[in-house]
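Start at 1 with the first residue, then count along the sequence. What you see below is based on every heavy atom in this structure, not just the backbone, and it leaves out hydrogens, waters and symmetry mates.
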Amino acid sequence: MSGSTDDFLERWRVQDPALRLAEIFDRSGRLGPALGLYFELAETLYRLSGRRVSEGKLAWWLDEAQAMLAGQPRHPLTLAMAIDDRDSAAALVRASWRLFDAATPADRRALKDQRRPLLDALAGLLGEPGASFSEVYTMSPALTGLDDAFRIASIGIGAPDLCSPLTLADWARLGLSRQALVDVPARRPEVRRSIARLWFGESSPRSVSTPGLNVYVGLWQRALQRSGEAPRSGLGLAWRAWRLARKA
């Protein structure tokens with residue numbers, strides 16, 4: 001990984017100690033750039049200061065998608081990606097743009113259909129080159145968990161006019177507005193725990209070929225179910241990461 005790419009990813013590692021641990025268990029070296037690109041796009045959808053800011057940033061990424069396809073990537077994350085990954089990276093950007101303009105999904109079924117292009121592109125970025133359909137299919141629960149975890153962790157962070165991280169059914173169940181969660185940070189952990197328990201249930205991520213992804217999603221699921229906050233660094237987190245990697 002190039003120095004500039006590593007420096008860029010350090011921002012996410014500092015914010016999220018689960019990523020630093022997950023990269024240790026990544027066999028391919030593709031996890032960091034792929035998740036970094038996903039984080040950049042998902043942050044734009046759910047965590048920025050307003051819709052105009054989000055639209056401008058996504059427009060830049062659409063230009064970068066065209067540059068990737070022309071063989072001239074500019075961003076440290078896309079520069080780190082192999083030539084074979086550029087189609088999937090561009091598809092991830094385009095899927096994010098479509099989510100930006102999409103209506104809030106009515107329920108979990110609608111959410112599943114709406115984000116499938118995004119998860120398919122992520123599977124292409126994280127799967128080994130030449131992976132069979134069955135190998136990519138085994139990644140699906142972990143990829144769904146990845147997007148779920150980011151959405152739940154984003155509740156109450158971004159401006160109310162950004163894309164909604166939840167479905168209409170979830171907002172109705174909560175009985176709260178997005179503005180209320182922005183204005184009252186103390187409510188966020190409680191809301192995140194509630195949604196995490198509903199969305200995750202007793203399931204755990206399964207990813208045969210990508211233990212790093214399995215570790216990342218598993219740490220986040222457990223943290224959100226327990227405290228509604230990000231995983232905390234320390235020996236306990238390292239121990240849980242090791243156990244999740246063994247299962248993968």
Side-chain angles (χ1 to χ4, degrees), residues 1-13 15-16 19 22-23 26-103 113-133 135-137 139-140 142-144 146-147 150-151 154 158 162-163 165 207 209-210 212-213 216:
M1 190 179 297
S2 69
S4 58
T5 303
D6 198 60
D7 292 343
F8 186 86
L9 283 174
E10 189 63 20
R11 171 203 174 200
W12 294 107
R13 297 181 188 124
Q15 292 184 32
D16 183 359
L19 176 59
E23 287 181 291
D26 176 38
R27 299 186 186 122
S28 67
R30 305 168 86 194
L31 183 72
L35 289 190
L37 178 58
Y38 166 79
F39 294 153
E40 279 291 307
L41 295 167
E43 178 186 57
T44 301
L45 292 173
Y46 309 123
R47 297 186 176 183
L48 296 186
S49 59
R51 189 170 177 85
R52 288 188 177 182
V53 178
S54 179
E55 185 175 23
K57 189 170 181 180
L58 278 173
W60 187 92
W61 277 109
L62 282 175
D63 288 343
E64 178 67 0
Q66 293 300 316
M68 276 189 283
L69 295 175
Q72 298 176 326
R74 300 162 294 178
H75 194 277
L77 293 175
T78 53
L79 283 167
M81 292 175 183
I83 293 174
D84 293 342
D85 291 333
R86 289 173 183 168
D87 286 346
S88 294
L92 185 63
V93 174
R94 291 194 295 267
S96 299
W97 179 262
R98 287 194 291 272
L99 287 178
F100 177 75
D101 280 331
D113 293 339
Q114 187 187 79
R115 68 181 176 189
R116 181 167 182 172
L118 184 144
L119 298 187
D120 285 346
L122 259 180
L125 275 176
L126 288 167
E128 296 292 342
S132 67
F133 173 80
E135 289 171 323
V136 172
Y137 179 78
M139 297 173 63
S140 181
L143 292 170
T144 300
L146 167 69
D147 194 60
F150 196 98
R151 284 169 177 258
S154 301
L162 292 180
C163 295
S207 180
S209 61
T210 54
L213 179 61
Y216 181 81

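Closest heavy-atom contact between L9 and G36: CD2-CA, 3.9 Å. The heavy-atom pair separating Q114 from A102 by the smallest distance is NE2-CB, 3.5 Å. The two residues G124 and D85 come nearest to each other via the heavy atoms O-OD1, 4.1 Å. Across every non-hydrogen atom of C163 and F100, the tightest pair is SG-CA, 3.5 Å.
The distance from atom CG of D147 to atom OH of Y38, rounded to the nearest 0.5 Å, is 3.5 Å. The line from CG of L143 to CZ of R116 is 12.0 Å long, rounded to the nearest 0.5 Å. Going from atom CE of M139 over to atom CG of L125 covers 9.0 Å, rounded to the nearest 0.5 Å. Annotation: the span from L77 atom CG to W12 atom CH2 amounts to 9.5 Å, rounded to 0.5 Å.
For E10, the salt bridge (charged side-chain N to carboxylate O under 4.0 Å, His left out) partners are R13, R20, not counting sequence neighbours. In terms of the side chain to side chain donor-acceptor pair (under 3.5 Å) criterion, Q15 has no residue partners (sequence neighbours excluded). Scanning for salt bridge (charged side-chain N to carboxylate O under 4.0 Å, His left out) contacts around D113 gives an empty result, with sequence neighbours left out. A search for side chain to side chain donor-acceptor pair (under 3.5 Å) contacts involving D16 returns Y216, W220, not counting sequence neighbours.
Just one of L31, D26, L122 meets the side chain to side chain contact (heavy atoms under 4.5 Å, CB included) condition when paired with L213; it is L31.
Residue pairs satisfying the salt bridge (Lys or Arg N to Asp or Glu O under 4.0 Å) criterion with at least one member in residues 60-71, sequence neighbours excluded, are listed as follows: E64-R74.
Aromatic ring orientation, H75 versus W61: tilted (interplanar angle from 30° to 60°).
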Would you be so kind as to tabulate the donor-acceptor pairs closer than 3.5 Å made by side chains of residues 40-50, with sequence neighbours excluded?
unit_1: E40; atom_1: OE1; unit_2: K57; atom_2: NZ; d: 3.1
unit_1: E40; atom_1: OE2; unit_2: R11; atom_2: NH1; d: 2.7
unit_1: E43; atom_1: OE1; unit_2: R11; atom_2: NH2; d: 3.1
unit_1: E43; atom_1: OE1; unit_2: K57; atom_2: NZ; d: 3.3
unit_1: E43; atom_1: OE2; unit_2: R11; atom_2: NH2; d: 2.6
unit_1: T44; atom_1: OG1; unit_2: E40; atom_2: O; d: 2.9
unit_1: Y46; atom_1: OH; unit_2: R151; atom_2: NH2; d: 3.0
unit_1: R47; atom_1: NE; unit_2: S154; atom_2: OG; d: 2.7
unit_1: R47; atom_1: NH2; unit_2: S154; atom_2: OG; d: 3.3

Got a list of side-chain donor-acceptor pairs under 3.5 Å for residues 86-99, not counting sequence neighbours?
unit_1: S96; atom_1: OG; unit_2: L92; atom_2: O; d: 2.9

Apply side-chain contact (heavy atoms from CB on, under 4.5 Å) to E23 and L19, showing your working.
CA-CA 6 Å; E23 287 181 291; L19 176 59; 4.1 Å; yes

